[in-house]
Number of protein chains: 2
Amino acid sequence: MQRVTIMDVAARAELSPSTVSLYFRKPDAVSAAASQSIARAIKALDYVPNLMAGGLAAASSRVVSIIVPSVRNAFFAETVATMQSELSKQRLQVMLGHTEYSEHDEEDLVRTALSWAPAAIVLTGLSHTAATRKLLRDGKVPVVEIWELGAQPIDMAVGFHHVQVGSAAASHLIQRRRKQLLFLGARLQEDRRAAQRAQGFVETARSVPDVSAGIIQHPAPASADVGAMLLTEALRRFPGVNGIACSNDHIALGAIFECQRLGLAVPERLSVVGFGDLSFSAGCNPSMTTIRPPGDLIGREAARLVIERIAGVDGKTERAVIDTSFSLLHRQSS
Amino acid sequence: MQRVTIMDVAARAELSPSTVSLYFRKPDAVSAAASQSIARAIKALDYVPNLMAGGLAAASSRVVSIIVPSVRNAFFAETVATMQSELSKQRLQVMLGHTEYSEHDEEDLVRTALSWAPAAIVLTGLSHTAATRKLLRDGKVPVVEIWELGAQPIDMAVGFHHVQVGSAAASHLIQRRRKQLLFLGARLQEDRRAAQRAQGFVETARSVPDVSAGIIQHPAPASADVGAMLLTEALRRFPGVNGIACSNDHIALGAIFECQRLGLAVPERLSVVGFGDLSFSAGCNPSMTTIRPPGDLIGREAARLVIERIAGVDGKTERAVIDTSFSLLHRQSS
DNA sequence: TCGGAAAATAATAGCGCTGCGAACGCTGCG
DNA sequence: CGCAGCGTTCGCAGCGCTATTATTTTCCGA
């Protein structure tokens with residue numbers, strides 16, 4: 001599969017393979033003259049280093065394994081894309097894994113990831129199988145858990161408190177004088193974080209006198225269609241509902257569309273709050289009040305932690321936990 | 001970084017390392033008794049194979065490198081997610097790279113990818129630097145180019161003709177008796193494929209008597225905001241425009257929203273066709289006529305080609321080109 | 001009971017690179 | 001003029017696994 005090796009480059013540059021290796025690893029340690037002839041040889045031979053050989057010899061690779069539920073989800077896509085660009089600046093490669101919201105699949109992915117002696121592993125959420133936790137605690141691979149805060153991380157964590165998100169949505173609706181609140185959620189069984197938002201929403205709402213709150217859910221993945229269905233269901237079971245928060249903006253959009261079809265004025269008759277601030281949320285009619293999770297910031301901070309940990313000396317094992325927080329964007333739908 | 005090796009497993013199972021290796025590579029060639037004791041040893045020792053050592057020895061790895069403009073883009077996210085799940089069934093890992101629409105960055109990514117002796121490389125589009133083409137043609141790594149058809153692929157290709165997409169949009173609008181057509185596009189300089197759609201649109205429209213067509217574009221990435229701006233610009237320059245096609249659904253959604261604000265009836269006064277069939281497109285008001293690119297099918301077929309090529313004998317080097325086509329979904333906005 | 005083929009297991013020789021310590025050659029000072 | 005000291009370069013010994021070939025064991029019919 002590979003023809004040109006470091007030996008060929010060395011031969012052509014009339015140096016030893018060790019020096020060529022050094023040229024890649026610590027360019028400053030090689031004299032200018034040597035550097036030049038090595039660079040020339042590389043170009044002439046079209047040499048591509050074999051990173052597997054390097055990784056084997058060094059017992060570590062420049063691979064960062066990122067494991068998310070699915071990159072189909074715009075939240076994680078954002079984070080993965082941001083991390084990728086930050087990491088590639090440091091010549092770190094991204095290996096991607098999808099759990100599809102299964103902790104069991106996640107365990108397999110972690111096991112595979114470990115097979116590559118990665119520079120770091122990035123996981124989504126704080127909930128994992130016992131075996132996963134054991135694998136990661138035993139190994140001395142840096143671990144960053146993203147998109148969730150609130151429990152003890154394995155190593156480092158970057159994210160925010162989803163319970164607080166639900167709470168913020170409820171407070172906002174109550175402030176807008178909404179009394180009968182509902183949380184519309186898709187796939188709350190699988191999506192722990194959406195469930196936390198629902199929980200925070202209901203708890204905060206119920207702590208206020210004269211305010212009622214409940215959860216309406218659907219097992220299918222979030223989409224505008226599901227949002228419309230959930231709104232219909234909500235009105236059927238609680239005709240007086242006047243404030244809803246949704247597990248994400250797709251649901252909220254579907255709910256708003258359904259209100260338009262039914263002739264219910266938003267926000268007069270019904271206030272709607274979403275989660276995500278997706279591409280369409282600011283532009284739709286009425287524009288959507290939503291809570292924006294900082295997906296890019298999470299990616300950037302996670303990348304930073306990884307890079308710093310790699311660069312740092314071994315002793316420097318600070319178990320950073322970064323709260324990126326979130327922001328409620330008050331727009332027309334509430 | 002790694003403690004337990006295949007030797008440890010072998011010692012514990014009272015077999016030779018060779019047999020343990022065989023157990024991983026060709027489980028059927030190992031006796032049931034041996035299999036059992038190996039499995040037991042693996043579990044007891046929590047053995048994680050070192051894939052870099054394996055890859056080095058075998059001169060190939062079970063890594064598939066997927067290079068897309070950005071996974072932030074829902075189209076590519078869909079394809080990447082689908083490929084990932086299909087490939088992981090075959091114990092193939094995905095390594096991800098983002099070009100950000102730069103062919104130069106793509107070249108670096110390909111070079112890096114090659115460093116891992118990947119089982120295959122998946123690229124987006126058919127346009128690459130000369131060096132990229134050379135690297136990929138020289139190596140005997142399977143290459144699949146996705147999301148575009150129309151030029152000579154390096155090896156295999158899965159996608160559709162974007163010129164045909166533009167053409168279909170134009171034909172559809174003309175069939176709806178629209179005569180003054182415009183294509184609203186974001187980032188047409190970088191996004192070759194969007195530019196092809198625009199080109200197909202204009203060419204087809206202009207080939208019909210009494211029909212005029214033009215292109216309005218904006219250098220920013222696609223979003224509903226940009227769509228609204230483009231619509232405003234379109235109406236300013238061509239007040240009589242009554243049919244528009246957009247480079248994607250974000251633009252189309254922004255245009256529809258802007259029409260609502262301006263009190264222009266969609267589709268009566270202005271027909272709108274999008275591209276993408278994104279999550280909100282079926283649910284919005286009016287529901288959006290759009291062209292659906294089969295992102296999941298592209299992913300599935302690309303994965304299939306990769307898997308078949310890997311499984312197949314060396315001689316079997318059929319240079320498959322698969323046209324997944326696309327479908328126009330006629331809804332209320334046209 | 002035995003020979004021979006088939007099945008199962010084992011020994012061997014690297015894969016291409018890194019990390020270490022050692023060796024080299026040069027400078028500049030005593 | 002010699003030698004410490006430094007910046008560079010080199011040689012060696014693996015990293016943990018696979019692929020090939022060699023060897024052993026098992027199975028079977030004659």
Side-chain angles (χ1 to χ4, degrees), chain A residues 1-38 41-42 45-63 91 112 114-119 139 314, chain B residues 1-39 41-42 45-63 91 112 114-119 139 310 314:
Chain A
M1 184 134 279
Q2 174 130 358
R3 188 95 316 136
V4 183
T5 75
I6 206 170
M7 314 258 289
D8 300 314
V9 175
R12 177 142 188 151
E14 296 180 312
L15 289 162
S16 76
S18 303
T19 307
V20 178
S21 174
L22 203 63
Y23 167 83
F24 282 113
R25 292 175 294 119
K26 295 173 185 166
D28 296 339
V30 176
S31 71
S35 287
Q36 270 188 24
S37 62
I38 290 172
I42 289 170
L45 297 172
D46 230 343
Y47 170 65
V48 176
N50 184 327
L51 259 23
M52 290 193 296
L56 175 61
S60 86
S61 68
R62 296 192 71 81
V63 168
R91 297 188 4 267
T112 305
L114 252 13
S115 301
W116 289 98
D314 303 308
Chain B
M1 182 134 280
Q2 173 129 1
R3 188 98 313 137
V4 183
T5 74
I6 206 170
M7 314 260 288
D8 301 313
V9 175
R12 176 140 188 152
E14 297 179 313
L15 289 161
S16 75
S18 305
T19 307
V20 178
S21 173
L22 204 61
Y23 167 84
F24 282 113
R25 291 175 294 120
K26 295 172 184 169
D28 296 339
V30 176
S31 71
S35 288
Q36 270 188 26
S37 61
I38 291 172
I42 290 170
L45 298 173
D46 231 344
Y47 170 65
V48 176
N50 184 326
L51 258 22
M52 290 194 296
L56 175 61
S60 86
S61 68
R62 297 191 70 80
V63 168
R91 299 188 1 268
T112 305
L114 252 13
S115 302
W116 290 97
I310 293 170
D314 304 307

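Order of the sequence lines fixes the chain letters, A, B, ..., with proteins taken first and strands second; residue numbering starts at 1 for each chain. Heavy atoms only: backbone and side chains are in, while hydrogens, waters and symmetry mates are out.
Here C:dC15 presents its P atom at 15 Å from CD1 of A:Ile6, a figure rounded to the nearest Å. The CE-P distance, from A:Met7 to C:dG14, rounds to 12 Å in whole Å. A:Leu51 places its CG atom 10 Å from the P atom of C:dC17, with the value rounded to the nearest Å. The separation between B:Trp116 atom CH2 and C:dG16 atom C1' is 13 Å, rounded to whole Å. Taking atom CG on B:Asp8 and atom C1' on D:dC17, their separation rounds to 13 Å, with Å as the unit. Per the geometry, CG belonging to A:Leu22 stands 11 Å off C1' belonging to D:dC10, to the nearest Å. As rounded to whole Å, 15 Å separates atom C1' of D:dG16 from atom CG of B:Leu45. In this structure, CG of B:Leu56 is placed 12 Å from P of D:dC17, rounded to the nearest angstrom.
Taking side-chain N and O atoms only, B:Tyr23 has no distance below 4.0 Å to OP1 or OP2 of C:dA10.
In this structure, the side chains of A:Phe24 and A:Ile38 stay at 4.5 Å or more apart for every pair of heavy atoms. Residues B:Ser115 and A:Asn50 have side chains not in contact (no heavy-atom distance under 4.5 Å, counting atoms from C-beta outward). Between B:Arg12 and B:Leu45, some side-chain heavy-atom pair lies under the 4.5 Å cut-off.
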Which letters describe nucleotides 21-27 of chain C, given B = protein heavy atom under 4.0 Å from base, S = only from sugar-phosphate, - = neither?
-> -------
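For the helix from C:dT1-D:dA30 to C:dG30-D:dC1, the rotation axes defined at the first and last 5 base pairs enclose an angle of 40°, given to the nearest 10°.
A side-chain N or O of B:Thr19 and one of B:Ser16 form a donor-acceptor pair less than 3.5 Å apart.
Of the residues in residues 10-21 of chain A, those placing a heavy atom less than 4.0 Å from an atom of DNA chain C are A:Ser18, A:Ser21, in numerical order. A heavy atom lying under 4.0 Å from DNA chain C marks the following residues of residues 24-36 of chain B, by number: B:Val30, B:Ser31, B:Ala34.
What you find for A:Ser61 and B:Met52 is that their closest heavy atoms are CB-SD, 3.7 Å.
Not counting sequence neighbours, the partners of A:Ala10 by the side chain to side chain contact (heavy atoms under 4.5 Å, CB included) test are A:Pro17, A:Val20.
Sorted by first and then second residue, the side-chain hydrogen bond (donor to acceptor under 3.5 Å, both in side chains) pairs involving residues 22-32 of chain A (not counting sequence neighbours) are A:Ser21-A:Arg25.
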